[in-house]
**Q** 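My questions all concern the structure below.
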Amino acid sequence: MSTAQIPFLKGHGTENDFVIIPDHEGRIELSPAAVARLCDRRAGIGADGVLHVVRSAAHPEARAMAAEAEWFMDYRNADGSIAEMCGNGLRVFAHYLERAGLAEPGDMTIATRAGIRRAHVAKPGPDGEPGDITTGMGRALLPEGEVTVTVDGRTRPARNVNMGNPHAVTFVDDLADAGDLRTAPGVSPASAYPDGTNVEFVVDRGPRHVALRVHERGSGETRSCGTGACAVMVATARRDGADPAVLGHPVTYTVDVPGGRLVISESPDGAIEMTGPAVIIAEGTFDASRMGVSWTDAAA
C-alpha cells in the first residue's frame, strides 16, 4: 500500500453515475471494501458503481475475448459486488475510450462479463456536446416460471427477464407503488434469482412509451438502469403483443428513467440496442491508502 495518487474520472449515463478508473495493464487491485469506499457518497467519491478500464489481454476474465475487443469493462456495483453487465456503464465506458483517444468515434467492441458488446459513438455536435451512444445489449432471455414482487405487503406478478444480468419487471398504477426502494423488494421464488436481482416498476406513459423506477442489486435505487430499461422494453412489448420475431420488423419503445430518457429497439432476431447520452463531468486523483486500493509492484 502507498500514499500515491490514482487517477480517476467521474461520469454518468442518464444520471446513473460511475467512478472510472483507468488501469490499462490490470495492475490495480479493487477489493469489495475499496469499491464500496470509493462509491460512498459521504466518505468517498460517490457513485452507483465503478468502471475499471483494463485491456482484455491483461485481465484473466477477458483474455479469451481479447482478439475481438481490446478493452474490458470490469464493472463493480456500489457495494463492491461484481456484476455481469451495466448498460448505462457501457455507454459511459465507450465515451471514455473515445475521449481518451483509446478508440475512434464510430463503431467499437467492448468485452464484458456478459460477453462482447458493441457500441457506436456518434461524433460530437456543432456545439461540441458529445453525441448519443448506441450500444448492442445482446438478446433477452425469458426464463419460464412465475415470479412475484412484494412491496409494503402487496404482491404483484412480475416478468423474469435476463439481459446478461437478472431482472424482475412488474407493472404498477403509479411509480410511488414501488415504495422507497432503499431496501430490496421481496422477490419470489428465491430459486428464480439465486444471486439476487434488479427489480423494475413500470407505468405506461403513452403508445410504446413507459417510465420506470428501479432497485439495482447491490446499489439500491438508482436514477437509471440500462439493462433494466431493456428488460422493461422486452417485458412491455410481450405484454402488448409486440414481439418483433412475430411481427417481422423491429419494435422500439421510449423508456423514461428518473435521470433522463432512453430509446430501446429489439430486432426480429432478438438483438437489442439502446441509445442514450453519456457524460464525463470531472477528473482528478484519489489517495490510494485512504480508499484501501492497492496494486502490484509493477504499477508503482
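Residue numbers start at 1 and run along the sequence shown.
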**Q** Could you tell me the separation between the CG atom of D173 and the CZ atom of R156, rounded to the nearest 0.5 Å?
**A**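 Those atoms lie 7.0 Å apart.
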
**Q** Would you check if V251 and M233 make a side-chain contact, meaning some heavy-atom pair closer than 4.5 Å?
**A**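 A side-chain contact exists here, since the closest heavy-atom pair is under 4.5 Å.
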
**Q** So which atom in S56 and which in A69 form the shortest heavy-atom distance, rounded to 0.1 Å?
**A**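 Minimum heavy-atom contact is OG-O, 2.8 Å.
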
**Q** Check whether any side-chain N or O of T134 sits under 3.5 Å from a backbone N or O of T275 as a donor-acceptor pair, and report yes or no.
**A**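 No, the answer is negative, given that no donor and acceptor are paired below the 3.5 Å cut-off.
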
**Q** Output all residues satisfying side-chain hydrogen bond (donor to acceptor under 3.5 Å, both in side chains) with D177, sequence neighbours left out; order by chain, then residue number.
**A**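 By the side-chain hydrogen bond (donor to acceptor under 3.5 Å, both in side chains) rule, D177 matches no residue at all.
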
**Q** Starting at CG of L90, measure out to CG of N88 and round the result to the nearest 0.5 Å.
**A**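 With rounding to 0.5 Å, CG (L90) is 9.5 Å from CG (N88).
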
**Q** For H209, check ring pair (Phe, Tyr, Trp, His ring centres under 6.0 Å) against everything at least two apart and list the hits.
**A**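 Once residues adjacent in sequence are excluded, H209 has no partner under the ring pair (Phe, Tyr, Trp, His ring centres under 6.0 Å) criterion.
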
**Q** Quick one: pull up CG in L262 and CG in D256 and give me the separation to the nearest 0.5 Å.
**A**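 Between L262 CG and D256 CG, I get 8.5 Å after rounding to 0.5 Å.
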
**Q** Treating K10 as the side-chain partner and G46 as the backbone partner, does any N or O pair qualify as donor plus acceptor under 3.5 Å?
**A**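 A pair under 3.5 Å: yes.
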
**Q** Run the numbers on D195 and R217 for salt bridge (charged side-chain N to carboxylate O under 4.0 Å, His left out), then give the verdict.
**A** CA-CA 9 Å; D195 299 315; R217 176 185 57 172; 5.4 Å; no

**Q** Hey, is the main chain of E68 close enough, under 3.5 Å, to the side chain of T109 for a donor-acceptor pair?
**A**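 Looks like yes, one N/O pair under 3.5 Å.
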
**Q** Please list every donor-acceptor pair under 3.5 Å in which a side-chain atom of residues 33-43 meets a protein atom from a residue at least two apart or in another chain.
**A**
unit_1	atom_1	unit_2	atom_2	d
R37	NH1	R290	O	3.1
D40	OD1	R42	N	2.7
D40	OD1	A43	N	2.8
R41	NH1	D17	OD2	2.9
R41	NH2	D17	OD1	2.8
R41	NH2	D17	OD2	3.2
R41	NH2	D48	OD1	3.1

**Q** Mind checking whether M108 and Y96 sit in one hydrophobic cluster, side chains of I, L, V, M, F, W, Y counted as touching below 4.5 Å?
**A**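 Yes.
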
**Q** As an exercise, state the distance from SG of C230 to CD1 of I264, rounded to the nearest 0.5 Å.
**A**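 Rounded to the nearest 0.5 Å, the SG-CD1 separation comes out at 4.0 Å.
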
**Q** If a pair satisfies side chain to side chain donor-acceptor pair (under 3.5 Å) and one of its residues is in residues 143-152, list it, with sequence neighbours excluded.
**A**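 Checked against side chain to side chain donor-acceptor pair (under 3.5 Å) - neighbours excluded - the pairs reaching residues 143-152 are T150-T155.
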
**Q** Decide yes or no for V257 and R223: does some side-chain heavy atom of the first lie under 4.5 Å from some side-chain heavy atom of the second?
**A**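 They are not in side-chain contact.
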
**Q** Using 0.5 Å steps for rounding, measure from the CG atom of L9 to the NE2 atom of H95.
**A**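 Answer for the CG-NE2 pair, L9 versus H95, is 9.5 Å.
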
**Q** In chain order, what residues pass the side-chain contact (heavy atoms from CB on, under 4.5 Å) check against P60, with sequence neighbours excluded?
**A**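 side-chain contact (heavy atoms from CB on, under 4.5 Å) list for P60, sorted by chain: R63.
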
**Q** Find out whether V202 and T170 are in side-chain contact, i.e. whether some heavy atom of one side chain is under 4.5 Å from a heavy atom of the other.
**A**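 Counting from C-beta outward, V202 and T170 never come under 4.5 Å.
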
**Q** What pairs with E61 under side-chain hydrogen bond (donor to acceptor under 3.5 Å, both in side chains), at least two apart in sequence or on another chain?
**A**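 Here the qualifying residues are R113.
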
**Q** Give the other cluster members for I82, using side-chain heavy-atom distances under 4.5 Å between Ile, Leu, Val, Met, Phe, Trp and Tyr residues; answer none if it is isolated.
**A**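 Reading the cluster by chain and number, I82 sits alone, since nothing else belongs.
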
**Q** Determine whether Y253 and V263 make a side-chain contact, defined as any pair of heavy atoms from C-beta on separated by less than 4.5 Å.
**A**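 Not in contact.
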
**Q** For E29, enumerate each residue passing the salt bridge (charged side-chain N to carboxylate O under 4.0 Å, His left out) test, keeping only those at least two apart in sequence or located in another chain.
**A**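 Listed in chain order: nothing, the list is empty.
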
**Q** List for me each residue that meets ring pair (Phe, Tyr, Trp, His ring centres under 6.0 Å) alongside H59, sequence neighbours excluded, and say none if there are none.
**A**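 If we apply the ring pair (Phe, Tyr, Trp, His ring centres under 6.0 Å) test to H59, skipping adjacent residues, the hits are F72.
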
**Q** Is there side-chain contact between V161 and L141, with heavy atoms separated by less than 4.5 Å?
**A**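 When only atoms from C-beta onward are counted, L141 and V161 do not touch, as no gap falls below 4.5 Å.
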
**Q** Report yes if the side chains of I28 and H52 come closer than 4.5 Å at any heavy-atom pair, otherwise no.
**A**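 Yes, at least one pair of side-chain atoms sits under 4.5 Å.
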
**Q** Using the salt bridge (charged side-chain N to carboxylate O under 4.0 Å, His left out) criterion, which residues pair with E221? Sequence neighbours excluded.
**A**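 Applying salt bridge (charged side-chain N to carboxylate O under 4.0 Å, His left out) to E221 gives R213.
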
**Q** Tell me whether R76 is salt-bridged to D74, with the criterion being a basic N under 4.0 Å from an acidic carboxylate O.
**A**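 Looking at D74 together with R76, the answer is yes, because their closest N to O distance falls below 4.0 Å.
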
**Q** With side chains defined as the heavy atoms from C-beta onward, is the minimum distance between F18 and Y75 less than 4.5 Å?
**A**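 Heavy-atom side-chain distance check passes, below 4.5 Å.
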
**Q** What is the minimum heavy-atom distance between V214 and S224, and which atoms define it?
**A**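 V214 and S224 have their closest heavy atoms at CG1-C, 4.4 Å.
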
**Q** Would you name the heavy atoms of N165 and M85 that are closest together and state the gap between them?
**A**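 Looking at all heavy atoms of both residues, the shortest contact is ND2-O, 3.4 Å.
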
**Q** Answer with yes or no whether the side chains of H167 and T227 bring together a donor and an acceptor at under 3.5 Å.
**A**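 Judged by distance alone, the side chains do pair up.
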
**Q** Is there a path of hydrophobic side-chain contacts, each under 4.5 Å between heavy atoms of I, L, V, M, F, W or Y residues, that connects V210 with L175?
**A**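 As far as the 4.5 Å side-chain criterion goes, L175 and V210 are not connected within one cluster.
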
**Q** When you measure from the side chain of H215 to the backbone of L181, do you find a donor-acceptor pair of N or O atoms at a distance under 3.5 Å?
**A**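 Side chain of H215 to backbone of L181, a donor-acceptor pair under 3.5 Å: yes, one is there.
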
**Q** Looking only at non-hydrogen atoms, find the nearest pair between L102 and W71 and report the distance.
**A**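 Minimum heavy-atom separation between L102 and W71: O-NE1, 3.7 Å.
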
**Q** Check R238 with E266, please: is the shortest side-chain N to carboxylate O separation under 4.0 Å?
**A**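 Yes, E266 and R238 are salt-bridged.
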
**Q** Do T135 side-chain atoms and M137 backbone N/O form a donor-acceptor pair below 3.5 Å?
**A**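 Side chain of T135 to backbone of M137, a donor-acceptor pair under 3.5 Å: no, none is there.
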
**Q** List the residues meeting salt bridge (charged side-chain N to carboxylate O under 4.0 Å, His left out) with E216, not counting sequence neighbours, and say none if there are none.
**A**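 E216: no salt bridge (charged side-chain N to carboxylate O under 4.0 Å, His left out) contacts found.
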
**Q** D79 side chain to S219 main-chain N or O, any donor-acceptor pair under 3.5 Å?
**A**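 Judged by distance alone, no pair lies under 3.5 Å.
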
**Q** So which heavy atom on V234 is nearest to which on A140, and how close?
**A**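 Nearest heavy atoms, V234 then A140: CG2-CB, 3.9 Å.
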
**Q** Quick one: pull up OG in S289 and CD in Q5 and give me the separation to the nearest 0.5 Å.
**A**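 Those atoms lie 8.0 Å apart.
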
**Q** Backbone N or O of Y193 within a donor-acceptor pair of the T197 side chain at under 3.5 Å?
**A**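 Answer holds: no.
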
**Q** Please determine, by modelled atom types, if N16 and T14 share a side-chain donor-acceptor pair under 3.5 angstrom.
**A**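 Absent: no donor and acceptor within the cut-off.
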
**Q** Side-chain contact, heavy-atom cut-off 4.5 Å: E84 with T112?
**A**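 No, too far: nothing below the 4.5 Å cut-off.
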
**Q** Taking D180 for its side chain and R182 for its backbone only, find out whether a donor-acceptor pair lies under 3.5 Å.
**A**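 Indeed, once roles are kept as given, a pair shorter than 3.5 Å links the two residues.
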
**Q** Quick check against the 3.5 Å criterion: does D204 have a side-chain atom that pairs as donor or acceptor with the backbone of G206?
**A**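 Between the backbone of G206 and the side chain of D204 there is no qualifying donor-acceptor contact (under 3.5 Å).
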
**Q** Pick from I20, I133, V279: which one makes a side-chain contact (heavy atoms from CB on, under 4.5 Å) with V92?
**A**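 Exactly one option meets the side-chain contact (heavy atoms from CB on, under 4.5 Å) with V92, and it is I20.
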
**Q** Which heavy-atom pair separates N160 from P143 by the least distance, and what is that distance?
**A**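 Residues N160 and P143, closest heavy atoms: O-CD, 3.4 Å.
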
**Q** Does atom CZ of R118 have more than 12 heavy-atom neighbours, drawn from other residues, nucleotides or ligands, at distances under 6.0 Å?
**A**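 Incorrect, the count does not exceed 12.
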
**Q** If a pair satisfies side chain to side chain donor-acceptor pair (under 3.5 Å) and one of its residues is in residues 98-107, list it, with sequence neighbours excluded.
**A**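 As it turns out, the side chain to side chain donor-acceptor pair (under 3.5 Å) pairs with a partner in residues 98-107, which skip direct neighbours, are R99-E283, D107-H120.
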
